[in-house]
Q: 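Right, I'll just put the structure down here and ask away after.
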There are 2 protein chains.
Amino acid sequence: MKLTEKKINTELKRHNYKLTNQRRAVVVSIVTCQSQFTPALIYEKLHREHPDIGLVTVYRTLGILMDLGLVCELHASGDCPAYTVGTSQHHHHLICNRCGRVVDFTGHRLAELEKRLAKESGFRIDSHVLEFTGLCLPCQKIKC
Amino acid sequence: MKLTEKKINTELKRHNYKLTNQRRAVVVSIVTCQSQFTPALIYEKLHREHPDIGLVTVYRTLGILMDLGLVCELHASGDCPAYTVGTSQHHHHLICNRCGRVVDFTGHRLAELEKRLAKESGFRIDSHVLEFTGLCLPCQKIKC
DNA sequence: GTCTAAATGAAAATAATTATCAATTACAAA
DNA sequence: TTTGTAATTGATAATTATTTTCATTTAGAC
Ligand SMILES: [Mn+2]
Ligand SMILES: [Mn+2]
Ligand SMILES: [Zn+2]
Ligand SMILES: [Zn+2]
């Protein structure tokens, strides 16, 4: 389940980051994104209600949230890197190429593949990226 | 198997791209890359022997090779996007975080997962990104 | 309330990529 | 082989994305 504003703020506190008005606002702007986002998009959204918050602060806050693993980076979509709100468990993403919607999924079985690859290549595998792209249901219904 | 200089040049011709000296040189620079590369890296390599070829030409040639599916884009490594020479069949990548080496692999079974995800989410899935990162065998042996 | 390190925003700096355009060139046709 | 022409090129400028610097402000511990 997607992380909430509350959970994110708690994590920020827990890691001794000050809970400034700016950070709160950036977090709100992020968690209310139904789909993926970029720093510029968050800034734009934010700018209406908080014209005095700078783009740098968006970058900085996003950087912290990435460090804490509270947002995920997306690679397979149009503007890479894009971001999406994180969840507590390990998961991957399904991305709509039209509206940018992001759906999380879990329960893949990459472990066996990973073991086979490690054996065959000699690699010590640490991490992976797995993303699917396509069209979400609502977007399929839109005639182009 | 990785595409050769010859194969790439043939494909360029086949798609009515002129085989200029600059393009030939960029292709050579790319196929002689043992690991991943960026436009800047190719330019740097190229610049020694061909000081008169500009970085723009590298970008343009790389763009064409991407369009023709002759090079692959990498997302999971340090500098994203990076690139690597393509192969003729559908495949994925294993990337060394230290030396940048790229190993291709095939034979995964994403089809079942893809079907399950499509059913559960309603998505029409078109494409995917799958990359593993870690340390290649030689790099594991280097003490840090 | 005071204090202080952390955070902020303006501005400049850096980096990556793309657009413009006049000069050059590959190569098909004569 | 020469010629014509559209494609290609490189210099330069323009955009865009991101990071650094630094003086000022502020959250939150005491
Ligand atoms: Mn995973
Ligand atoms: Mn694949
Ligand atoms: Zn959609
Ligand atoms: Zn390595």
Side-chain angles (χ1 to χ4, degrees), chain A residues 5 8-30 36-68 70-71 73-75 77-83 100, chain B residues 5 8-30 36-68 70-71 73-75 77-83 100:
Chain A
E5 177 188 352
I8 293 175
N9 286 340
T10 305
E11 283 299 291
L12 283 171
K13 288 249 64 167
R14 199 166 73 80
H15 286 85
N16 300 119
Y17 287 106
K18 292 182 179 175
L19 222 46
T20 62
N21 290 334
Q22 291 92 330
R23 277 184 187 154
R24 287 173 191 280
V26 171
V27 168
V28 168
S29 183
I30 281 176
Q36 61 188 284
F37 55 83
T38 57
L41 186 100
I42 293 299
Y43 175 70
E44 197 191 346
K45 242 182 94 179
L46 208 55
H47 198 68
R48 300 171 208 152
E49 304 236 351
H50 304 272
D52 39 354
I53 297 183
L55 177 57
V56 247
T57 295
V58 175
Y59 270 99
R60 287 193 277 231
T61 306
L62 203 49
I64 292 168
L65 298 182
M66 275 298 293
D67 288 346
L68 300 184
L70 302 173
V71 296
E73 213 170 0
L74 302 175
H75 296 276
S77 59
D79 38 17
C80 168
Y83 301 87
Chain B
E5 178 188 350
I8 293 175
N9 287 340
T10 303
E11 283 299 292
L12 283 171
K13 286 249 65 164
R14 199 166 73 80
H15 287 84
N16 299 119
Y17 288 105
K18 291 183 179 174
L19 222 45
T20 63
N21 291 334
Q22 291 92 328
R23 276 183 189 154
R24 287 172 191 280
V26 171
V27 168
V28 168
S29 184
I30 281 175
Q36 60 189 285
F37 55 84
T38 58
L41 186 99
I42 292 300
Y43 174 70
E44 196 191 346
K45 242 181 93 179
L46 208 53
H47 197 68
R48 301 171 208 151
E49 303 237 353
H50 305 272
D52 38 352
I53 298 183
L55 178 56
V56 248
T57 295
V58 174
Y59 270 100
R60 287 192 277 231
T61 306
L62 204 48
I64 292 169
L65 298 183
M66 276 298 295
D67 288 347
L68 300 184
L70 303 173
V71 297
E73 212 170 2
L74 301 175
H75 296 276
S77 59
D79 38 17
C80 167
Y83 302 86

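Values below: every heavy atom of this structure, side chains too, minus hydrogens, waters and symmetry copies. Values in this document were obtained by computation on a predicted structure and should not be read as measured data. In what follows, every chain begins at residue 1, and chains take the letters A, B, ... in the order their sequences are listed.
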Q: Nearest nucleotide by nearest heavy atom, which residue falls closer to the 5' end of DNA chain C, A40(B) or L19(B)?
A: A40(B)
Q: Rounding to an integer number of Å, can you tell me how far I42(B) CD1 sits from dA16(C) P?
A: 15 Å
Q: Take the C1' atoms of the five end pairs on each side of the helix from dG1(C)-dC30(D) to dA30(C)-dT1(D), derive the two axes, and give their angle rounded to 10 degrees.
A: 40°
Q: When you match K18(B) and I53(B) each to their closest nucleotide on DNA chain D, which lands nearer the 5' end?
A: K18(B)
Q: Rounded off to whole Å, could you give me the NE2-to-P distance for the H50(B) and dT8(D) pair?
A: 19 Å
Q: Between Q22(A) and dG9(C), is there a contact of a side-chain N or O with OP1 or OP2 at under 4.0 Å?
A: yes
Q: Are any non-hydrogen side-chain atoms of C80(B) and C80(A) less than 4.5 angstrom apart?
A: yes
Q: With a 4.0 Å cutoff (strictly under), does any side-chain N or O of T20(B) reach OP1 or OP2 of dT9(D)?
A: yes
Q: What integer distance in Å separates N16(B):CG from dA28(C):P?
A: 9 Å
Q: Whole angstroms only, please: what is the OH-C1' distance between Y17(B) and dT9(D)?
A: 15 Å
Q: My understanding is that only one of T61(B), I8(B), L62(B) makes a side chain to side chain contact (heavy atoms under 4.5 Å, CB included) with V26(B); could you say which?
A: T61(B)
Q: How long is the line joining CG of L65(B) and P of dT8(D), in whole Å?
A: 13 Å
Q: In terms of side-chain heavy atoms of Y59(B), which of dG10(D), dT18(C), dG9(C) is nearest?
A: dT18(C)
Q: Taking atom P of dT24(C) as reference, at what distance in whole Å does atom CG of N21(B) sit?
A: 16 Å
Q: Examine dC27(C): is either OP1 or OP2 under 4.0 Å from a nitrogen or oxygen in the side chain of K13(B)? Give yes or no.
A: yes
Q: Could you tell me whether the side chain of Q36(A) and the main chain of G100(A) form a donor-acceptor pair under 3.5 Å?
A: yes
Q: Go through dT20(D), dT17(C), dT9(D) for me and flag the one nearest to the T57(B) side chain.
A: dT9(D)
Q: Would the distance check show the side chain of H15(B) and the main-chain N or O of E11(B) forming a donor-acceptor pair, the cut-off being under 3.5 Å?
A: yes
Q: Indicate yes or no: at least one non-hydrogen side-chain atom of Y43(B) is less than 4.5 angstrom from one of T57(B).
A: no
Q: Using atom CZ of R60(A) as one end and atom C1' of dT25(D) as the other, report the distance to the nearest whole Å.
A: 13 Å
Q: A side-chain contact here means heavy atoms from C-beta on lying under 4.5 Å apart; do I64(A) and M66(A) qualify?
A: no
Q: Look at all strands and tell whether R23(B) reaches a base, only sugar-phosphate, or nothing, counting heavy atoms closer than 4.0 Å.
A: sugar-phosphate
Q: Checking contacts here: which listed nucleotide (dT20(D), dT18(D), dA26(C)) is nearest the side-chain heavy atoms of L55(A)?
A: dT18(D)
Q: Specify the separation, in whole Å, of atom CG of L12(A) and atom P of dG28(D).
A: 11 Å
Q: Determine whether K18(A) and R23(A) make a side-chain contact, defined as any pair of heavy atoms from C-beta on separated by less than 4.5 Å.
A: yes
